[in-house]
Colleague: 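So that we are looking at the same thing, I have put the structure below in structure tokens.
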Number of protein chains: 2
Amino acid sequence: MTAATLESSTAAACCAPIAREPLGEGDAAELAALLKAVADPVRLRLLSMIGSHAGGEACVCDLTDAFDLTAPTISHHLKVLRTAELISGERRGTWVYYRIVPETVARLGALFAPLAEPAHRP
Amino acid sequence: MTAATLESSTAAACCAPIAREPLGEGDAAELAALLKAVADPVRLRLLSMIGSHAGGEACVCDLTDAFDLTAPTISHHLKVLRTAELISGERRGTWVYYRIVPETVARLGALFAPLAEPAHRP
DNA sequence: GAAATGGTTCGATGCTCGTCTAAATGATAC
DNA sequence: GTATCATTTAGACGAGCATCGAACCATTTC
């Protein structure tokens, strides 16, 4: 699935729009898990750093230096993001490089977009 | 500013505001607090119920009945959403009605939105 | 007023999560 | 093969959070 596919689906089928109809129990749990992965200052900054880094990928060594946290802690946060499929990591030689998964990030954006529209309901 | 904007995004394919530049420590903490308010299955369903309810507002009595939770718990979750300014409550007579605050929700949508509006960029 | 109904606040409890130190794994250089 | 740097895993501790029962405000009705 590409970013374009997701974009075209914001108004229609794919991802459950939060304002069209009440969220089911299962969908809510799944989305909450995804949101929980982003609902942390460190992980938010990590995501932003990786996404804004030149070339679209960032080395763990760069990320670790930017925080006042130990390497295991950063690794833990990266694992949470990876488990949520928000980022993907690849080892090339000594260092591991992380990259953003645009589809998952776009899914978050599409979640609240319908709600933001003023007067989407009569 | 619709499909053309997306087409213009290049190989990085990440045009979400969060990927424009690294998030500051203060902004990250503030956004994480906002996200944490939504990163819960119950609150997500509450938000969806309120947002999809006819007239744009929902009574607490309706919300409480939809869950297998006690009234204090629902009230707690509503308070979290209210503190985050995601919803606003108003008492009319016997019942309390909650309504969505579109500005705050829009902020969430804009964060990860694949179609970043030019006006929102700093 | 007094009673009844709708909502919120107050403590308490059990669980989850972020962080650390210590140890293990992976990869390169000598 | 051994030394060394980079990253992850394992285990443990403390803080925060979701949930509950009970007590507490607000509004209507008698």
Colleague: Report yes or no: is the cationic atom of A:Arg92 (NZ for Lys, CZ for Arg) under 6.0 Å from the centre of the six-membered ring of A:Tyr97, at an angle within 45° of the ring normal?
Modeller: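 Flagged: A:Arg92 positioned over aromatic ring of A:Tyr97.
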Colleague: Can you name the closest pair of heavy atoms from A:Pro41 and B:Ala28 and give their distance?
Modeller: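 In this case the closest contact between A:Pro41 and B:Ala28 is O-CB, 3.7 Å.
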Colleague: Check A:Arg45 against B:Leu23 and note the closest heavy-atom contact, atom names and distance.
Modeller: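 A:Arg45 and B:Leu23 have their closest heavy atoms at NE-O, 3.6 Å.
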Colleague: Quick one: B:Leu35 CG to D:dC17 C1', roughly how many Å, whole number?
Modeller: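 The answer, rounded to whole Å, is 17 Å.
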Colleague: Ignoring the backbone of A:Pro72, work out which of C:dG7, C:dT21, D:dC17 is nearest its side chain.
Modeller: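 Nearest listed nucleotide: C:dT21.
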Colleague: So which one's nearest nucleotide on DNA chain C is more toward 5', B:Leu78 or A:Asp68?
Modeller: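 This one resolves to B:Leu78.
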Colleague: Quick check: on DNA chain C, is the nucleotide nearest A:Gly93 upstream (toward 5') of the one nearest A:Thr73, or the reverse? Name the residue that is more 5'.
Modeller: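 Result: A:Thr73.
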Colleague: Using a 4.0 Å heavy-atom cut-off across all strands, classify B:Thr94 as base, sugar-phosphate, or nothing.
Modeller: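 Sugar-phosphate, backbone atoms only, no base.
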Colleague: Roughly, in whole Å, what's the span from NZ in B:Lys79 to C1' in D:dA18?
Modeller: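 Checked: the NZ to C1' distance equals 15 Å.
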Colleague: Check every strand shown and say whether A:Phe67 touches a base, only sugar-phosphate, or nothing at a heavy-atom separation below 4.0 Å.
Modeller: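 Here A:Phe67 touches no strand at all.
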Colleague: Scan B:Tyr97 against the nucleic acid and name what it touches under 4.0 Å (heavy atoms): base, sugar-phosphate only, or nothing.
Modeller: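 Nothing, no nucleic acid heavy atom in range.
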Colleague: Please give, in whole Å, the distance from C:dG7 P to B:Ile74 CD1?
Modeller: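 Value for this atom pair: 12 Å.
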Colleague: Tell me the interatomic distance from A:Arg91, atom CZ, to D:dT9, atom P, rounded to whole angstroms.
Modeller: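 Distance check: A:Arg91 CZ to D:dT9 P gives 10 Å.
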Colleague: I need the NE2-C1' distance between A:His77 and C:dG18, as an integer number of Å.
Modeller: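 Result: 6 Å.
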Colleague: Closest approach of B:Ala84 and B:Leu34, non-hydrogen atoms and distance?
Modeller: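 For B:Ala84 and B:Leu34, the tightest heavy-atom pair comes out as O-CD1, 3.8 Å.
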Colleague: Return the CD1 to CZ distance between A:Ile74 and A:Arg43, rounded to the nearest 0.5 Å.
Modeller: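 Here the rounded value is 11.0 Å.
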Colleague: Write down the distance between CG (A:Leu81) and P (D:dT8), rounded to a whole number of angstrom.
Modeller: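 That distance rounds to 12 Å.
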Colleague: Would you kindly give the CG-to-C1' distance between B:Leu69 and D:dC20, to the nearest whole Å?
Modeller: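 The answer, rounded to whole Å, is 10 Å.
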Colleague: Quickly work out the B:His76 NE2 to D:dC17 P distance and round it to whole Å.
Modeller: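 Between P of D:dC17 and NE2 of B:His76: 8 Å.
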Colleague: Under 4.0 angstrom, heavy atoms only, what part of the nucleic acid is B:Arg92 near: base, sugar-phosphate, or nothing?
Modeller: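 Nothing, no heavy atom under 4.0 Å.
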Colleague: Identify which nucleotide among C:dT8, D:dT7, D:dT8 has an atom closest to any side-chain atom of A:Arg82, counting heavy atoms from C-beta outward.
Modeller: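 So the nucleotide nearest the side chain must be D:dT8.
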Colleague: From the list D:dA18, D:dC17, C:dG7, which nucleotide is the closest neighbour of the side chain of B:Trp95?
Modeller: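 Nearest to the side-chain atoms of B:Trp95, counting from C-beta on, is C:dG7.
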